[in-house]
K.L.:
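Quick one: the structure is below, and I'll ask about it shortly.
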There are 2 protein chains.
Amino acid sequence: MTGLADIARAAGVSISTVSRVLNRRAGVNEATRQRVLGVLADLPYTPRGLGALQRTGVIGLLVPELSNPVFPAFAEALETRAARAGYGSLLCNTRSASLRADGADHNGESRELVEEEYVRMLLARGVEGMVFVSPEITNAEDGGAGYYGKLLADGVQMVFVNGGAPALDVPDVTVDEQVAGYLATRHLVELGHRRIGFVCGPARSLPSRLKRAGWSAALEEAGLPADPGLIAHAPYGAAGGATAMSALLDGPRPSAVICSSDHMALGAMREAHRRGLSVPAELSIVGFDDIPLAAYCSPALTTLAQPIEEMARAAVDELVQRLNPAIRRGGGSYSRVFRPKLVVRESTAPPS
Amino acid sequence: MTGLADIARAAGVSISTVSRVLNRRAGVNEATRQRVLGVLADLPYTPRGLGALQRTGVIGLLVPELSNPVFPAFAEALETRAARAGYGSLLCNTRSASLRADGADHNGESRELVEEEYVRMLLARGVEGMVFVSPEITNAEDGGAGYYGKLLADGVQMVFVNGGAPALDVPDVTVDEQVAGYLATRHLVELGHRRIGFVCGPARSLPSRLKRAGWSAALEEAGLPADPGLIAHAPYGAAGGATAMSALLDGPRPSAVICSSDHMALGAMREAHRRGLSVPAELSIVGFDDIPLAAYCSPALTTLAQPIEEMARAAVDELVQRLNPAIRRGGGSYSRVFRPKLVVRESTAPPS
DNA sequence: TTGTAGGCGTTATCAG
DNA sequence: CTGATAACGCCTACAA
């Protein structure tokens, strides 16, 4: 409730002077400054509103969910990098149904609507630019050209992480999911496995489709059949992993599986143990993401690490550069893809 | 770049009319409305700035970190509840050093400064109220009376979750940490354990101190000594859990341990396995939080669940009620404490 | 060094 | 039903 005007009145100066003191600008008499500061110390002033300022020093971060630790990890990394560049971050959870670990579709509202809602909210709050992590735009019929194209045309700066929109001229930073699927599978092939299953996320999810392509490619390369019976789809998350693993184990048993996420892998491992199967002796498991816990479960999880820090750095730096009015290139296409890294731990071994 | 004025000009109407159409307010001729909508469909308009708006329908959520899954879980629960009440949420990660899972103190900046920075940012962005999860204010010398007292005096509405500020007249919603420590320990006592260790978070952290009090109480009740050698402190997080467990196992070996968080518990379990100790046959472990993964590790973790949904519900509802100008009680003290619930799974058993 | 005046993009008010 | 006009709370010339 207390505004600049109240402070000014109490200190017997003008609003401009208070503003100057607040913004630590030069050109204020020390005595005056102290008087204002004194009033400020007494009165409960809290700045509100945007004013005529253009640069707010705030960017928006949009993640599809928070249950999968990868997204908090991305959020932290992005935030840290942004802070280093002098930007504050506002985080939004768009609750993307198809990516949720629990597979739940919250109160039926379309996710795209939720994301649009958040974008609108952020923009209205004076955010200068936005980073979309795993945007589902990619899945929209028009590739997001409609809504996001408009934003783009209006000069809103954005960057996509793990999920570009080919139809749009937006810079994107991605991990190569196909290579991830390939590397995971090849690791198992090299260990000597012949029946390699895939505990896969929802079929409609692009990352899962890409990993599947990598999985097929590695199998083909090894002269092994990519039997559709070797794939089981389920929601991301541990419960989904257990479900999919169970389905796979009910059929002709694979000696190894790759999974769409570490959470799924942990669920799969749990299901294997539940059935009395020893990991990795009787079943090898590869995860994806390299969440912190992957190194601290038993057996420690072999997985593919996304270079989260580097990706966050690339994304934020690109956004910040575009935010600089001096540079602001016309939105030229920019795309960086990072190679996932195989981290071999204890959950994989040659077949018995 | 495109503003209300541009749309108005293109549609041949006044700014007010465009605003009315945008806000779905009644009293606009359908034909006019359609004309404006038509222009809106063509021009890339994106609303910016707060204007003279008072009610923004947005609240702020501040969490100390995102590495511990509890905080993302709280964030999601709070957000979901807020959405149901018609409020959007802006999430801020205040990177509280002392609570971080990795124990890292980011670039030396005082956390309190970071939190103040975020509060200022949120307020400037027109947030109506805020929920602080595990605020470190509690640890401030003045109990946060200075800075937060000012906010309070200025009519800023806030609610604390898990960490009240007794000096302040702010409603708070907490889980009873002391009871948590007590219940975990009693469970082990009832199982027949006599040497019960504590894989504990940082000594300066209030939740850890409270859990310790509960642990002592339960031991005393059972006529067992609360030997200081039975406690090992470490940063929250799996790595810390492993470190602390290791320290404990180097001394006279306890037959069971309770842990400050599930992440620590998982780290402790890992360390036990590394040393060839079987859980729960040779060592029982109790966690705290009941993160989703607790049910999906091997052995599944016995833990104390925080009623996150209920707590989120209580916190948001209280805040929203105070936001309603019709009610807005004078900030009367309000405090709700929830009882943690023991979830027995497979990581605890009678001593061998 | 200080204050006045003007601007930002929006909503609220009131006259027509 | 519509459009001036004032207001919001802030920042930034420009002038004193």
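A note on names: the letters A, B, ... follow the listed sequences, proteins ahead of strands, and every chain is numbered from 1. These numbers come from the heavy atoms of this one structure, side chains and all, not from hydrogens, waters or symmetry mates.
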K.L.:
Could you list all N or O pairs between the protein and nucleotides 2-5 of chain D that sit under 3.5 Å apart?
P.N.:
unit_1 : atom_1 : unit_2   : atom_2 : d
dT2(D) : OP1    : Thr32(B) : OG1    : 2.3
dT2(D) : OP2    : Asn29(B) : N      : 2.7
dG3(D) : OP2    : Ser14(B) : N      : 3.1
dG3(D) : OP2    : Ser14(B) : OG     : 3.4
dG3(D) : OP2    : Thr17(B) : OG1    : 2.8
dG3(D) : N7     : Arg20(B) : NH2    : 2.7
dG3(D) : O6     : Arg20(B) : NH1    : 3.3
dA4(D) : N6     : Ser16(B) : OG     : 2.8

K.L.:
Between atom CZ in Arg9(A) and atom P in dG9(D), what is the gap in whole Å?
P.N.:
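Those two atoms, CZ and P, are 11 Å apart.
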K.L.:
Could you give all pairs that pass the salt bridge (Lys or Arg N to Asp or Glu O under 4.0 Å) test and reach residues 27-38 of chain A, with sequence neighbours left out?
P.N.:
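Sorted result for residues 27-38 of chain A: Glu30(A)-Arg33(A).
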K.L.:
Starting at atom CZ of Arg48(A), determine the distance to atom C1' of dG9(C), rounded to an integer number of angstrom.
P.N.:
19 Å
K.L.:
Sequence neighbours excluded, which residues qualify as side-chain contact (heavy atoms from CB on, under 4.5 Å) partners of Ile15(A)?
P.N.:
Leu4(A), Ala5(A), Ala8(A)
K.L.:
Between atom CD in Gln34(A) and atom P in dT1(C), what is the gap in whole Å?
P.N.:
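Distance, rounded to whole Å: 15 Å.
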K.L.:
Starting the side chain at C-beta, find the nucleotide from dT10(C), dC11(D), dT11(C) nearest to Asn23(A).
P.N.:
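Given the options dT10(C), dC11(D), dT11(C), the side chain of Asn23(A) is closest to dC11(D).
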K.L.:
Rounded off to whole Å, could you give me the CZ-to-P distance for the Arg120(B) and dG9(D) pair?
P.N.:
17 Å
K.L.:
Before giving the answer on side chain to side chain donor-acceptor pair (under 3.5 Å), spell out for Tyr334(A) and Gln321(A) the whole-Å C-alpha distance, their side-chain angles and the decisive distance to 0.1 Å.
P.N.:
CA-CA 12 Å; Tyr334(A) 169 100; Gln321(A) 195 170 41; over 6 Å; no
K.L.:
Closer than 4.0 angstrom, basic N to acidic O: yes or no for Arg313(A) and Glu309(A)?
P.N.:
no
K.L.:
Taking side-chain contact (heavy atoms from CB on, under 4.5 Å) as the test, write out the residues that go with Pro44(A), two or more places apart.
P.N.:
Thr2(A), Lys150(B), Ala153(B), Asp154(B)
K.L.:
Looking at CE of Met158(B) and CG of Leu151(B), how far apart are the two atoms once the value is rounded to the nearest 0.5 Å?
P.N.:
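Interatomic distance, Met158(B) CE to Leu151(B) CG, rounded to 0.5 Å: 4.5 Å.
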K.L.:
Considering just the side-chain nitrogens and oxygens of Tyr45(A), establish if one lies under 4.0 Å of OP1 or OP2 belonging to dC10(D).
P.N.:
yes
K.L.:
Just by distance, with hydrogens left out, do Tyr148(B) and Glu115(B) show a side-chain donor and acceptor under 3.5 Å apart?
P.N.:
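Yes, side-chain donor-acceptor contact under 3.5 Å.
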K.L.:
Grab the CG-P distance between Asp6(A) and dC10(D) for me, whole Å please.
P.N.:
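Answer to the nearest Å: 9 Å.
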K.L.:
Could you pull out all residues at least two apart from Arg9(B) that satisfy salt bridge (charged side-chain N to carboxylate O under 4.0 Å, His left out)?
P.N.:
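Salt bridge (charged side-chain N to carboxylate O under 4.0 Å, His left out) list for Arg9(B), sorted by chain: Asp6(B).
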K.L.:
Please report how far the helix from dT1(C)-dA16(D) to dG16(C)-dC1(D) bends, comparing the axis fitted to its first five pairs with the axis fitted to its last five, to the nearest 10 degrees.
P.N.:
40°
K.L.:
Just checking, any donor-acceptor pair under 3.5 angstrom between side chains of Glu65(A) and Asn93(A)?
P.N.:
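No, no side-chain donor-acceptor contact under 3.5 Å.
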K.L.:
Quick one: is dC1(D) close enough that its OP1 or OP2 comes under 4.0 Å of any side-chain N or O from Arg25(B)?
P.N.:
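For Arg25(B), the contact criterion (side-chain N or O under 4.0 Å from OP1 or OP2 of dC1(D)) is not met.
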K.L.:
In this structure, how many angstroms lie between the P atom of dA7(D) and the CG atom of Leu4(B), rounded?
P.N.:
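Distance, rounded to whole Å: 20 Å.
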K.L.:
How many whole angstroms separate atom CG of Leu22(B) from atom P of dG9(C)?
P.N.:
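Those two atoms, CG and P, are 15 Å apart.
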K.L.:
If I take atom CZ in residue Arg125(B) and atom P in nucleotide dC8(D), what distance separates them, rounded to the nearest angstrom?
P.N.:
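Between P of dC8(D) and CZ of Arg125(B): 20 Å.
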